[in-house]
Participant: 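What follows is a single structure, and I will ask about it in a moment.
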2 protein chains.
Amino acid sequence: MKKTVTIHDIARIAEVSSATVSRVLSNSSYPVSDKLRSKILRIAKEHNYIPNLIGKQLKTNASMTIGVIIPTITNPFYSSVILGIEEIARQNHYHVIVCNSLHNPEFEGEYIKTMVEKQIKGLIISSISKDVSLLKQFMRAGLNVIAIDQKIDEDEITQIEFNYEKGGYMAAQHLLALGHTRIGYATSRLDRPSRRDIHAGYLRAMEEAGLPALVEESQSEEAFNSTGEFDVGKRLAARMLAASTPPTAIFACNDMMAFGVINELMLRGISVPGEISVIGFDGIEFGKMTHPPLTTIKQPDYEMGILSGKILLDMMRGDENPTLSVTLQPKLVERASAAQAHTSSPI
Amino acid sequence: MKKTVTIHDIARIAEVSSATVSRVLSNSSYPVSDKLRSKILRIAKEHNYIPNLIGKQLKTNASMTIGVIIPTITNPFYSSVILGIEEIARQNHYHVIVCNSLHNPEFEGEYIKTMVEKQIKGLIISSISKDVSLLKQFMRAGLNVIAIDQKIDEDEITQIEFNYEKGGYMAAQHLLALGHTRIGYATSRLDRPSRRDIHAGYLRAMEEAGLPALVEESQSEEAFNSTGEFDVGKRLAARMLAASTPPTAIFACNDMMAFGVINELMLRGISVPGEISVIGFDGIEFGKMTHPPLTTIKQPDYEMGILSGKILLDMMRGDENPTLSVTLQPKLVERASAAQAHTSSPI
DNA sequence: TTGTACGCGTTATCAC
DNA sequence: GTGATAACGCGTACAA
């Protein structure tokens with residue numbers, strides 16, 4: 001592993017000062033004679049010079065990398081978000097550091113800290129921690145942060161969120177429009193704002209329709225992976241079926257859980273949507289690949305990535321706009337898992 | 001955004017030299033009196049000192065971050081790999097930079113280059129480029145690289161791969177054991193070693209059984225996302241059904257494609273596995289959530305991430321072991337999409 | 001045990 | 001147009 005060539009080496013060989021080399025190789029706007037310029041470029045090429053961005057960064061204090069912290073990359077929803085963020089990053093010659101908090105506040109805090117130590121100036125985070133003091137402290141020290149997906153209770157932080165309440169409302173609304181009256185809502189623990197909002201939307205729709213709410217909430221702190229959600233879906237579906245008059249439609253708080261619900265129903269020989277309709281929430285790609293294809297409420301995940309990336313870069317460039325926050329709107333994706341209720345209605 | 005506090009600030013306040021501060025704060029083994037140590041620590045805490053890792057790195061030339069380049073994070077297979085890599089990275093206080101090449105060799109090259117400029121010393125890559133010259137050049141300059149999943153034709157590069165040939169063989173073997181004799185193989189373009197290997201495994205099994213191979217290969221360079229693979233699956237299934245005597249079992253070269261195959265079959269009222277059995281390849285989590293749950297050949301993706309992370313770190317620490325390469329073994333995951341062939345066998 | 005002084009690779013300031 | 005030279009924040013010989 002031979003020593004790497006620096007601008008000083010180039011300078012020595014070209015018999016110029018390192019200052020001139022720097023001006024050429026970092027294509028600064030500073031005037032340099034064409035003769036020297038081409039000579040330097042030639043020599044740099046010959047010795048295949050590779051700029052050391054660390055040296056540059058120490059001087060300029062601009063790291064060209066943005067950090068992203070999410071619960072887990074394994075969730076396709078976050079994959080899409082990240083793809084969007086990276087698209088913007090790439091266009092602007094930035095790199096993306098991805099960290100999975102795995103729903104562990106300690107990991108999250110640790111990651112934030114070392115990011116700051118690495119002089120990362122921009123962070124996009126779907127935080128699972130209640131404690132924003134750490135974040136705020138670093139923001140005061142110059143860290144730009146955007147909170148996505150999970151609302152953070154802090155006005156000073158730019159947020160990009162979904163209109164979860166509306167999404168929940170739309171889902172219930174869709175089932176109501178199909179003629180269902182006994183509509184169950186299957187949800188994991190209502191311990192996060194997003195989940196409470198979806199729940200609230202569901203309740204609002206049911207109330208407006210003058211129908212009773214049927215909520216099954218999982219109390220367990222499951223492994224928060226896709227399999228975990230799937231299993232919760234199965235369990236909650238089973239609970240709903242145990243009722244004296246089971247629902248004719250089930251709304252699950254995320255797609256993975258909806259798959260679990262459908263799986264449990266089919267296992268019991270209940271046809272979907274023949275006997276019971278199911279609607280999901282999130283709109284991940286896989287919904288179209290299952291049988292039946294999943295009707296769901298789509299959150300624009302990729303767009304969220306794009307948007308948060310753009311806004312973050314704007315912030316880092318010093319656009320001192322008043323911290324604007326954005327709310328993305330959900331969209332109903334009608335596929336085949338939710339259908340008209342039977343006219344041979346309730347027993 | 002006030003100026004950040006450095007070791008010199010601490011030194012001035014504590015009335016010691018910055019060298020002493022450095023020794024304490026970077027907890028070097030260098031001896032420092034307990035009195036000064038605690039004093040320095042106290043002051044650092046009071047002024048909440050944040051070490052600047054860039055300064056440190058410029059000095060030590062060790063970046064504590066590893067790069068990962070994959071086709072797309074959207075593919076759950078790669079998500080799992082990355083989760084594994086990050087697990088190891090976190091345990092060792094490393095960060096992971098993730099880059100999606102999006103099957104674009106230019107992006108891949110660009111990413112490699114800027115990683116090197118950022119003084120990243122370790123890279124895990126699932127390369128889609130034919131050209132290894134760039135990689136080799138950087139390796140000579142001290143970059144440690146591990147090629148995963150996609151074989152690179154270069155002995156000097158440490159490789160961690162799957163035994164694709166065996167996987168293909170096992171899949172066909174399983175269908176044969178279930179009594180199928182007309183077994184189709186649906187594959188995307190055979191332009192990558194991995195795909196050719198699976199194909200070869202299938203052929204070997206069929207040959208050993210003395211049965212004819214039935215291969216449908218997609219010629220198109222699709223968008224390489226999950227939806228693209230799904231659509232290819234649908235298309236290839238349709239083609240197979242158009243044959244005079246369609247197969248009774250279909251082996252798809254990846255799970256996403258298998259979902260497409262199943263979807264197309266069900267759309268045509270063909271029961272899976274009642275009339276036609278389907279087996280996939282990869283073993284992504286979603287396979288268990290579909291209906292019917294997908295029988296498939298599991299590649300240990302997470303384990304691949306763990307392993308590649310470990311080996312990479314070993315390399316970076318200078319274990320001058322002879323470049324060892326590892327091959328991970330596939331495993332049959334029996335779920336419900338492949339069943340016994342009808343005894344009322346061929347027409 | 002502590003301090004001094006230099007260098008890591010780059011850019012920026014100033015003088016020429 | 002060009003060249004010295006001083007930072008940037010840190011670690012570390014070497015000296016004390």
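Just so it is clear, the model here is predicted, and its values are computed rather than measured. Values reported hereafter were calculated over all heavy atoms of this structure, with side chains retained and with hydrogens, waters and symmetry mates removed. Below, chains carry the letters A, B, ... as their sequence lines are ordered, and counting in each starts from 1.
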Participant: For the side chain of A:Thr114 and the backbone of A:Glu117, is there at least one donor-acceptor N/O pair under 3.5 Å apart?
Facilitator: no

Participant: Determine, stepwise, if the pair B:Tyr49 / B:Val5 fulfils side chain to side chain contact (heavy atoms under 4.5 Å, CB included).
Facilitator: CA-CA 6 Å; B:Tyr49 166 75; B:Val5 24; 4.2 Å; yes

Participant: So where does chain B start and stop touching DNA chain C, 5' to 3', when the test is distance under 4.0 Å to a non-hydrogen atom?
Facilitator: C:dT1 to C:dG9

Participant: Examine distances only and state if a side-chain atom of B:Asp131 and a backbone atom of B:Ser133 form a donor-acceptor pair shorter than 3.5 Å.
Facilitator: yes

Participant: Of A:Glu108, A:Lys151, A:Gln150, which is the lone residue that meets side-chain hydrogen bond (donor to acceptor under 3.5 Å, both in side chains) with A:Ser127?
Facilitator: A:Glu108

Participant: Note down the inter-axis angle between the two ends of the helix from C:dT1-D:dA16 to C:dC16-D:dG1, five pairs each, to the nearest 10°.
Facilitator: 40°

Participant: Between B:Val145 and B:Phe138, is a side chain to side chain contact (heavy atoms under 4.5 Å, CB included) present by the stated rule, with each step listed?
Facilitator: CA-CA 9 Å; B:Val145 2; B:Phe138 289 136; over 6 Å; no

Participant: Please tell me if A:Ser17 has a side-chain N or O lying less than 4.0 Å from either OP1 or OP2 of D:dG3.
Facilitator: yes

Participant: Could you run through nucleotides 11-16 of chain D and give me one letter per nucleotide, 5' to 3': B if any protein heavy atom sits under 4.0 Å from the base, S if only the sugar-phosphate is that close, - if neither?
Facilitator: BBBB--

Participant: Would you say the side chains of B:Arg317 and B:Asn92 form a donor-acceptor pair under 3.5 Å?
Facilitator: yes

Participant: Should B:Glu87 and B:Arg90 count as an ion pair when the cut-off is N to O under 4.0 Å?
Facilitator: yes

Participant: Please state whether the rings of B:Tyr111 and A:His95 are parallel, tilted or perpendicular, taking 30° and 60° as the class boundaries.
Facilitator: tilted

Participant: Yes or no on side chain to side chain contact (heavy atoms under 4.5 Å, CB included) for A:Ile66 and A:Met316, after CA distance, side-chain angles and deciding distance?
Facilitator: CA-CA 10 Å; A:Ile66 65 185; A:Met316 291 168 69; 4.0 Å; yes

Participant: Rounded to whole Å, how long is the line connecting atom CG of B:Asn61 with atom C1' of D:dG9?
Facilitator: 16 Å

Participant: Answer with base, sugar-phosphate or nothing: what part of the nucleic acid does B:Ile54 contact at a heavy-atom distance below 4.0 Å?
Facilitator: nothing

Participant: For a quick check under 3.5 Å, do A:Tyr78 and A:Asp149 share a side-chain donor-acceptor pair by atom type?
Facilitator: yes

Participant: For B:Leu53, report the nucleic acid contact type (base, sugar-phosphate, nothing); a contact means any heavy atom under 4.0 Å.
Facilitator: nothing

